[in-house]
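These notes concern the structure reproduced below.
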Amino acid sequence: MGGGRKTKHGAEVAPIFRARREESSRGEDGREEDSDSAASDTSRTAAAAPLTKADLRHLLQEIKTNMAAEFSRHLTPITESLNDLTRRTTAIEDQLDRTSMQAQTNEPAISALQDQVRLLEEAQEDLNNRSRRNNIRIRGVPETVGIDMLAPTLRELFCSLLPEASPAELLLDRAHRALKAPLPNATQPRDIIIRMHYFHIKEALMRAARDNPLQIEGHQVCFYQDLAPSTLRKRRELRPLTLELARRHIRYTWGHPFKLQVRQNNRVHTLYHISEATAFAERLGLPAIDLTAEHPDRRPAGRLSPRGPTLHPTRAPPPSSPHPQPAT
């Protein structure tokens, strides 16, 4: 047909139908525009309307709910950590309480055991010293006197000190040098430890050596009581106190088991333990003494005689005499 418009299938559309289709299309477009316009008017109307209390309560409830959820999400691991720390702290406190109660229960037993150990140590020290009661420690005999000549030299020395004693009374059970290697350049010879068979002869030799000191080859010979190492250590620790007593011309004596006795104003003061040194000095009217300080004239305790620290001056024997002789 002339003047017609073809469709997509190639068929022509009559003008009358084409007009109706255009009107329909225009109508649909108009309805869409009217719908958009109505929605826009509705939103403008809602935005322009004031919020009510119910709206505010609803918004506030939403905010609270969101914040609670967020806080719960972040605080949950922290809460778990705090709970774990609380459990661990409680367990530690319980353990400390049990330990403290056990320590309080054990304290009397520990104190009793310490007292028993101290008594056992003192008893062992006393037995050690009693086993040495016949011993004499001789200091000053030169190293040139060998082991083979040791016993004959000592017998001659004892005969010079106790000429009235018979050879049978001057019986030696044993004699030897101190059990240590001699130093190559040492000026002080090793001590000689001897054991006399008779105690009264040993005591007589000690008294005679104090009254008549000797020299051998230019070495001063001194006699000392052989004591246990623990006793020597205690005497060494009390050296500042005994030096102060000697400086004030206060006589003192050592006793067994270990003790230091001083007689003053017809009273006997006794020190049994080193911890009592401060109170002991106060009772004697002495100044405070520091037992930990190093004194320039402090010497090993083994150099002190149990009868007192005084050593008498000696005179060397004549050069022509081959044997030791008592000084006059």
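The basis for the numbers below is simple: all heavy atoms, side chains too, and nothing from hydrogens, waters or symmetry mates.
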Would you kindly confirm whether Val221 and Ile193 end up in one hydrophobic cluster when ILVMFWY residues are joined by side chain heavy atoms under 4.5 Å apart? no
How would you list, by chain and number, every residue that makes a salt bridge (Lys or Arg N to Asp or Glu O under 4.0 Å) with Arg267, sequence neighbours excluded? none
Just verifying a value: how many Å separate Gln215 CD and Cys222 SG, rounded to the nearest 0.5 Å? 9.5 Å
Any donor-acceptor pair under 3.5 Å from Lys202 side chain to Ile136 backbone: no
For Arg98, enumerate each residue passing the salt bridge (Lys or Arg N to Asp or Glu O under 4.0 Å) test, keeping only those at least two apart in sequence or located in another chain. none
Are Tyr272 and Leu238 connected in the hydrophobic side-chain network, where two residues link if heavy atoms are under 4.5 Å apart? no
Nearest heavy atoms of Glu169 and Ile201, plus distance in Å: O-CG1, 3.6 Å
Test of understanding: clusters of I, L, V, M, F, W, Y form through side-chain heavy atoms closer than 4.5 Å, transitively. Do Ile138 and Leu179 belong to the same one? no
To the nearest 0.5 Å, atom CG of Leu60 lies from atom NZ of Lys53 at 14.0 Å
Tell me every residue that passes ring pair (Phe, Tyr, Trp, His ring centres under 6.0 Å) with Phe258, counting only those two or more places apart in sequence or in another chain. Trp254
Linked, directly or transitively: Leu172 and Ile216 (ILVMFWY side chains, under 4.5 Å): yes
Applying side chain to side chain contact (heavy atoms under 4.5 Å, CB included), run through Leu227 and His256 and close with a yes or a no. CA-CA 11 Å; Leu227 298 171; His256 299 284; 3.9 Å; yes
The reported gap from OG1 in Thr270 to NZ in Lys259 (rounded to nearest 0.5 angstrom) is 6.5 Å
Any donor and acceptor pair, going by atom type alone, linking the side chain of Ser131 with main-chain N or O of Asn128 inside 3.5 Å? yes
Take atom NE2 of His176 as the centre, draw a 6.0 Å sphere, and report whether it contains more than 12 heavy atoms from other residues, nucleotides or ligands. yes
In the hydrophobic clustering (ILVMFWY, side-chain contacts below 4.5 Å, transitive), which residues join Ile92, or is it alone? Leu96
Among all residues two or more places apart in sequence or in another chain, which pass the salt bridge (Lys or Arg N to Asp or Glu O under 4.0 Å) test with Asp173? Arg195
Minimal heavy-atom distance between Leu154 and Ala175, with the atoms involved, is CD1-CB, 3.9 Å
Selection residues 65-82 - residue pairs positive for side-chain hydrogen bond (donor to acceptor under 3.5 Å, both in side chains), sequence neighbours left out: Glu70-Arg73, Glu70-His74
Between atom CG of Leu241 and atom CZ of Arg239, what is the distance when rounded to the nearest 0.5 Å? 11.0 Å
Tell me, which pairs form a salt bridge (Lys or Arg N to Asp or Glu O under 4.0 Å) where one or both residues lie in residues 219-230, sequence neighbours left out? Arg132-Asp226, Arg137-Asp226
For Leu82, which fellow cluster members are found when Ile, Leu, Val, Met, Phe, Trp and Tyr are connected by side-chain heavy-atom distances below 4.5 angstrom, either directly or through intermediates? Ile63, Met67, Phe71, Leu75, Ile78
In a table with atom names and distances, give each donor-acceptor pair under 3.5 Å that connects a side chain of residues 107-114 to protein atoms at least two apart or in another chain.
none

Between atom OG1 of Thr278 and atom CG of Leu286, what is the distance when rounded to the nearest 0.5 Å? 11.0 Å
Do Leu170 and Met206 sit in one hydrophobic cluster, given that two such residues count as connected whenever their side-chain heavy atoms are within less than 4.5 Å of each other, even indirectly? yes
Going through the distances and angles, do Asp55 and Thr52 end up as a side chain to side chain donor-acceptor pair (under 3.5 Å)? CA-CA 5 Å; Asp55 296 334; Thr52 64; 3.1 Å; yes
May I have the step-by-step check of side chain to side chain contact (heavy atoms under 4.5 Å, CB included) for Leu284 and Arg248, ending in yes or no? CA-CA 11 Å; Leu284 296 176; Arg248 295 172 178 263; over 6 Å; no
Contact check, side chains of Tyr252 and Leu271, non-hydrogen atoms, under 4.5 Å: no
Locate the shortest heavy-atom distance separating Pro152 from Asp148; write the atom from each residue and the value. CD-O, 3.7 Å
Closest heavy-atom pair and its distance - Pro287, Ala281: O-CB, 4.1 Å
Got a sec, which residues hit salt bridge (Lys or Arg N to Asp or Glu O under 4.0 Å) with Arg155, two or more places apart in sequence or on another chain? none
Criterion side chain to side chain contact (heavy atoms under 4.5 Å, CB included) on Val145 and Arg177, from CA distance to verdict: CA-CA 11 Å; Val145 180; Arg177 292 276 181 181; 4.2 Å; yes
Is the shortest side-chain N to carboxylate O distance from Lys234 to Glu237 below 4.0 Å? no
Residue pairs involving residues 188-219 (criterion ring pair (Phe, Tyr, Trp, His ring centres under 6.0 Å); sequence neighbours excluded): Tyr198-His200
According to side chain to side chain donor-acceptor pair (under 3.5 Å), who are the partners of Arg118, at least two apart in sequence or on a separate chain? Glu122
Shortest non-hydrogen pair, Pro240 vs Ile289, comes out as CB-CG2, 3.8 Å
Nearest 0.5 angstrom please: Phe280 CZ to Ile274 CD1, how far? 13.0 Å
Would you say Glu143 and Arg190 make side-chain contact, with heavy atoms under 4.5 Å? yes
Step-by-step side chain to side chain contact (heavy atoms under 4.5 Å, CB included) determination, Glu121 to Gln124: CA-CA 5 Å; Glu121 289 178 347; Gln124 187 271 339; 5.7 Å; no
